[in-house]
Colleague: 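I have a structure I would like to understand better, so I am pasting it below and will then ask my questions one at a time.
Side chains included, hydrogens not; waters and symmetry mates left out as well; all remaining heavy atoms used.
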Amino acid sequence: MTVNLTEEDVKFRYITPAIENAGWHKEDIFYEYYITKGAVQVHGNSVTRGAAKKADYILTYGAVKQPLAVVEAKQMKFPVGYGMNQAMEYAQMLDIKFAYSSNGKGFIEYDFFTGKTKELKIDEFPTPQELWQRYCVGKELDEETEKIVQEPYYIDTFNNKKPRYYQRIAIDRTIEAIAKNQKRILLVMATGTGKTYTAFQIVYRLIRAKKVNRVLYLADRNILIDQTIGQDFKPFEKVITKVKNRHLDSSYEIYMSLYQQLVGDNGEEIFRQFKPEFFDLIIVDECHRGSAKDDSQWRAVLNYFKDAVQIGLTATPKETKEVSNQSYFGEPVYTYSLKQGIADGFLAPYKVIRINIDRDSEGWRPYKGQIDLNGQEIEDRVYTGTDFDKTLIIDERTKEVAKRITRWLKENGRYSKTIVFCVDIGHAERMRQALINENSDIMKVNPNYIMRITGDNKEGKAKLDYFIDPVEKYPTIVTTSKLMTTGVDAKTCKLIVLENNINSIIEFKQIIGRGTRLNPDYGKNFFTIMDFRGVTRLFSDPDFDGEPITVIDGDNSLPKDRQDTGSTETEPDEPVFTPPEVHEVKEKYHVNGVDVNIVSERVQYLDADGKLITESLVDYSKKNIRREYASLNDFINVWSQTAKKQVIIEELKKCNVSLEELKKATGRDDLDEFDLILHIAYDQKPLTRKERIANVKKKNYFGKYSETCRQVLDALMEEYMDEGITEIQNPQVLRNKKFAKWGSMVKIAKLFGGKKQYFEAVDELTDLIYAQDMPQNKQETDYI
């Protein structure tokens, strides 16, 4: 009898009592512990979640709730070690050192410290103290170190915010390293995964443990400092200060500062107001931006406080001849990548639309002696994509880009938060003006609908908080160049437009990070990247670890000479770590009256290895459909035997086949799902929905029904012609206006003799719609 117990019964009757009898208290046991949320899966504009990963039991120790063990349960009919692979997988994800599998009769243990396994009787499960001592031995924790790593987290009881699994690992590894007196630490965490919240928990626990007393938090932009103070570090509001006017007040515990506040313009080193031993801990935010460069003036700050523990935070570790944060901070103690964040469901996946403009690829050449709008004679050569808006301005190109952005907004929501990254400040202003002209209907309602937010624009920067705030509608569209590449926590940003030339994988990933925040409460489940400059070629860089879910490509080729040599216009008031190179400022050529067009789009997808492949949406869908249904007869059999056709459509979605997108690509809105699949995957001549209904009406199949019932069936056939088979199979269709004259859903069903008889009539109608395509004899079909 016990062999037939469900897994839940085995847990309740045998495994849970065995764990509790070993001394594990209920508050230290987490049941059905969700590790991930499940990846967001996008099909057209519809969104579903993949399967989340959850462990049957997580066993924790002490006030810090240190996870010590994963336990996976299976039914008694399986061997005791049947769940071990799953337990070990979860343990590795969670950085847990002991994994157990049980079928209720006993346990199998795997110890990651020793690499050994052993079998235990059901009453031999280790006590919390035994497992903790083994953990301390394996981690080489002495009494003092053990006390530090056991310091509890800060728990936000109001918002019930707790560290996610990867944040906990980053925090715990950092705390442990510092407890063991490691002085240089690097944490690599993808944009949007909560680096500053992770830093806050590290600081909180170290101060509570009295391992550090004073902390310096360094960043290179005001917005990063302000967001950190007002959000993640808010619990420290009584002991935290922002360094202003290059004045240092020694009465605080935590100091937030821009690098440029500590290092003066003329070699003035403000930080020397404090003694070298003043700070115990320095956190370097966005440390990839050059703080570790040997000859950087910012390095002076780190060298002066060289005895302090220094933690580098970055989403993009940098390793070049000029800059290396790994050689300075050492190998990362933990890395959580963009790819992993998307796979776990904590970050938003993305679509990519690659737009090819004819002038970018074909180029533009002035006629002999041509004068631009400023009276300059234009140098005679061919100007291509990398020249535009850096050397040469073409008004029609700017207008064409603005039109394409506006078309996306009209198709996907006029109030979708959008960031347009431009070549420089001047380009951002021209783009703002072009977008205003394309969206004048909303601009006359609220002139803040479109704004330029750049370092020189105080009015625009003043509105940045409103753009970030999910509740605020305005501004909706912002144009920028460098100011918003990092640190802007725009949780509801749905469209990132790339209208600048980028060759740096680091800058590219930082820009992409503006859209990776998820915010389902405000309809933000994924975001779109619109690329006018071929920048998304960097997705294929081996250093980039997050693949797009869909790529719509206007041109798969890129000019070999496409290089970004820098802009003559930079943004003031927001300096970065390394001073920019000085270029001779040359006035740009400015022309108009040029014929500019966007070429047709192609589609790229990913193969099984996550590599981008170039093929049409039709070809890609055909391949995936035929992978599921090898032959036409296979598909027809499944379609005919599946009562609810929506089931097949949902299954195809899981295979990345969006029939909605296929209809758009083929322009065949007049086909239903069945005919679209026949046409696309099996090269069959399709029938339109109108033709199918005409065939049904030729045969008097509904003479057995009353006149009123026939009218209802006629209305259902009209609905099919408008919306397709899935609509008429949904009983909610009876709520539509055209059915109102017959009363409620219940009353309409009674016309047919009841609910059962109504559904039988709908099933009969469905069969008739596809009758001419269905096999007359299943046995015959199997051998065709």
Side-chain angles (χ1 to χ4, degrees), residues 30 33-39 52-55 58 60-68 70 90-97 148-179 185-209 215 217 224 227-228 231-236 281 283-287 311-317 329 332-348 487 489 491 513 516-519 545-546:
F30 291 83
Y33 180 85
Y34 277 87
I35 304 170
T36 69
K37 288 190 171 185
K53 291 184 177 180
K54 64 177 181 177
I58 300 293
T60 67
Y61 183 84
V64 74
K65 299 295 181 186
Q66 178 68 49
L68 288 184
V70 177
Y90 294 161
Q92 288 174 293
M93 281 189 69
L94 297 169
D95 205 22
I96 291 175
K97 299 305 179 182
I148 295 171
V149 300
Q150 272 288 292
E151 192 62 47
Y153 289 89
Y154 176 84
I155 303 299
D156 185 348
T157 54
F158 181 77
N159 295 308
N160 197 31
K161 184 176 181 179
K162 300 176 182 177
R164 293 170 174 169
Y165 86 87
Y166 61 86
Q167 293 168 340
R168 182 194 59 76
I169 296 172
I171 296 162
D172 286 353
R173 288 191 182 181
T174 302
I175 295 291
E176 182 184 330
I178 294 172
I185 296 163
L186 179 63
L187 276 177
V188 180
M189 298 174 67
T191 301
T193 57
K195 290 191 297 297
T196 54
Y197 175 71
T198 299
F200 161 74
Q201 290 285 4
I202 292 169
V203 172
Y204 176 82
R205 290 177 62 189
L206 289 174
I207 288 179
R208 282 284 302 268
V215 179
Y217 188 103
L224 300 179
Q227 284 182 172
T228 300
Q231 296 176 15
D232 291 319
F233 275 67
K234 190 171 180 59
F236 284 128
L281 173 65
I283 296 175
V284 185
D285 193 15
E286 306 290 358
C287 69
I311 301 174
L313 302 177
T314 182
T316 47
F329 291 103
V333 296
Y334 184 62
T335 298
Y336 189 72
S337 68
L338 174 63
K339 181 177 180 179
Q340 190 62 51
I342 293 173
D344 287 346
F346 296 118
L347 294 180
D489 189 8
K491 290 186 175 73
T516 54
R517 273 81 169 179
L518 275 168
N519 199 327
D545 58 2

Colleague: Could you pull out all residues at least two apart from D232 that satisfy salt bridge (Lys or Arg N to Asp or Glu O under 4.0 Å)?
Modeller: K161

Colleague: Is the distance between the ring centroids of Y33 and Y90 under 6.0 Å?
Modeller: no

Colleague: Would you say NZ of K65 has more than 12 non-hydrogen atoms from neighbouring residues, nucleotides or ligands within 6.0 angstrom?
Modeller: yes

Colleague: Can you tell me how the ring of Y165 sits relative to the ring of Y336, calling it parallel under 30°, perpendicular over 60° and tilted otherwise?
Modeller: perpendicular

Colleague: For T36 and A52, work out which heavy atoms get closest and say how close.
Modeller: O-CB, 3.3 Å

Colleague: Does I155 reach the side chain of K162, with side-chain heavy atoms less than 4.5 Å apart?
Modeller: yes

Colleague: So F346 and Q340, side-chain contact (heavy atoms from CB on, under 4.5 Å) or not? Walk me through it.
Modeller: CA-CA 9 Å; F346 296 118; Q340 190 62 51; over 6 Å; no

Colleague: Counting distance only, does the side-chain N/O of Q167 pair as donor-acceptor with the main-chain N or O of T193 below 3.5 Å?
Modeller: yes

Colleague: Measure the shortest side-chain to side-chain distance between V70 and I58 over non-hydrogen atoms and say whether it is less than 4.5 angstrom.
Modeller: yes

Colleague: Hey, what do you get for CG (L313) to CG (L187), rounding to the nearest 0.5 Å?
Modeller: 6.0 Å

Colleague: Within a strict 4.5 Å, meaning less than it, do heavy atoms of the P67 and L94 side chains meet?
Modeller: no

Colleague: Between atom CD of Q201 and atom CD1 of I171, what is the distance when rounded to the nearest 0.5 Å?
Modeller: 5.0 Å

Colleague: What are the two closest non-hydrogen atoms of A170 and T198, and how far apart are they?
Modeller: CB-CG2, 4.0 Å

Colleague: Which pair of non-hydrogen atoms, one from I96 and one from L68, has the smallest distance, and what is that distance?
Modeller: CG2-O, 3.1 Å

Colleague: Provide the closest heavy-atom pair for K195 versus A190 in the form atom of the first, atom of the second, distance.
Modeller: NZ-O, 4.3 Å

Colleague: If you round to the nearest 0.5 Å, how far is CG of L281 from OG1 of T174?
Modeller: 10.0 Å

Colleague: Using side-chain heavy atoms (C-beta onward) and a distance below 4.5 Å, is T191 in contact with L338?
Modeller: no

Colleague: Could you go through F200 and Y217, starting from their C-alpha distance and side-chain angles, then the distance that decides it, and tell me whether this counts as side-chain contact (heavy atoms from CB on, under 4.5 Å)?
Modeller: CA-CA 10 Å; F200 161 74; Y217 188 103; over 6 Å; no

Colleague: For the pair T314 and L186, evaluate side-chain contact (heavy atoms from CB on, under 4.5 Å) and give the outcome as yes or no after the intermediate values.
Modeller: CA-CA 8 Å; T314 182; L186 179 63; 3.9 Å; yes

Colleague: Does the distance from a Lys or Arg side-chain N to an Asp or Glu carboxylate O, for D95 and R173, drop under 4.0 Å?
Modeller: yes

Colleague: Nearest 0.5 angstrom please: L206 CG to E151 CD, how far?
Modeller: 9.0 Å

Colleague: Using a 4.5 Å cut-off on heavy atoms from C-beta on, say whether the side chain of V149 contacts that of Q66.
Modeller: no

Colleague: Indicate the atoms forming the closest heavy-atom contact of P152 with A63, along with that distance.
Modeller: CG-CB, 3.8 Å

Colleague: Both conditions, 6.0 Å and 45 degrees, for the charged tip of R205 above the ring of Y153: are they met here?
Modeller: yes

Colleague: Any side-chain heavy atom of I178 within less than 4.5 Å of one from I185?
Modeller: yes

Colleague: Begin from the C-alpha positions of D344 and Y166 and carry the test side chain to side chain donor-acceptor pair (under 3.5 Å) through to its verdict.
Modeller: CA-CA 10 Å; D344 287 346; Y166 61 86; over 6 Å; no

Colleague: Would you please name every residue forming a side-chain contact (heavy atoms from CB on, under 4.5 Å) with K54, sequence neighbours left out?
Modeller: E32, Y34

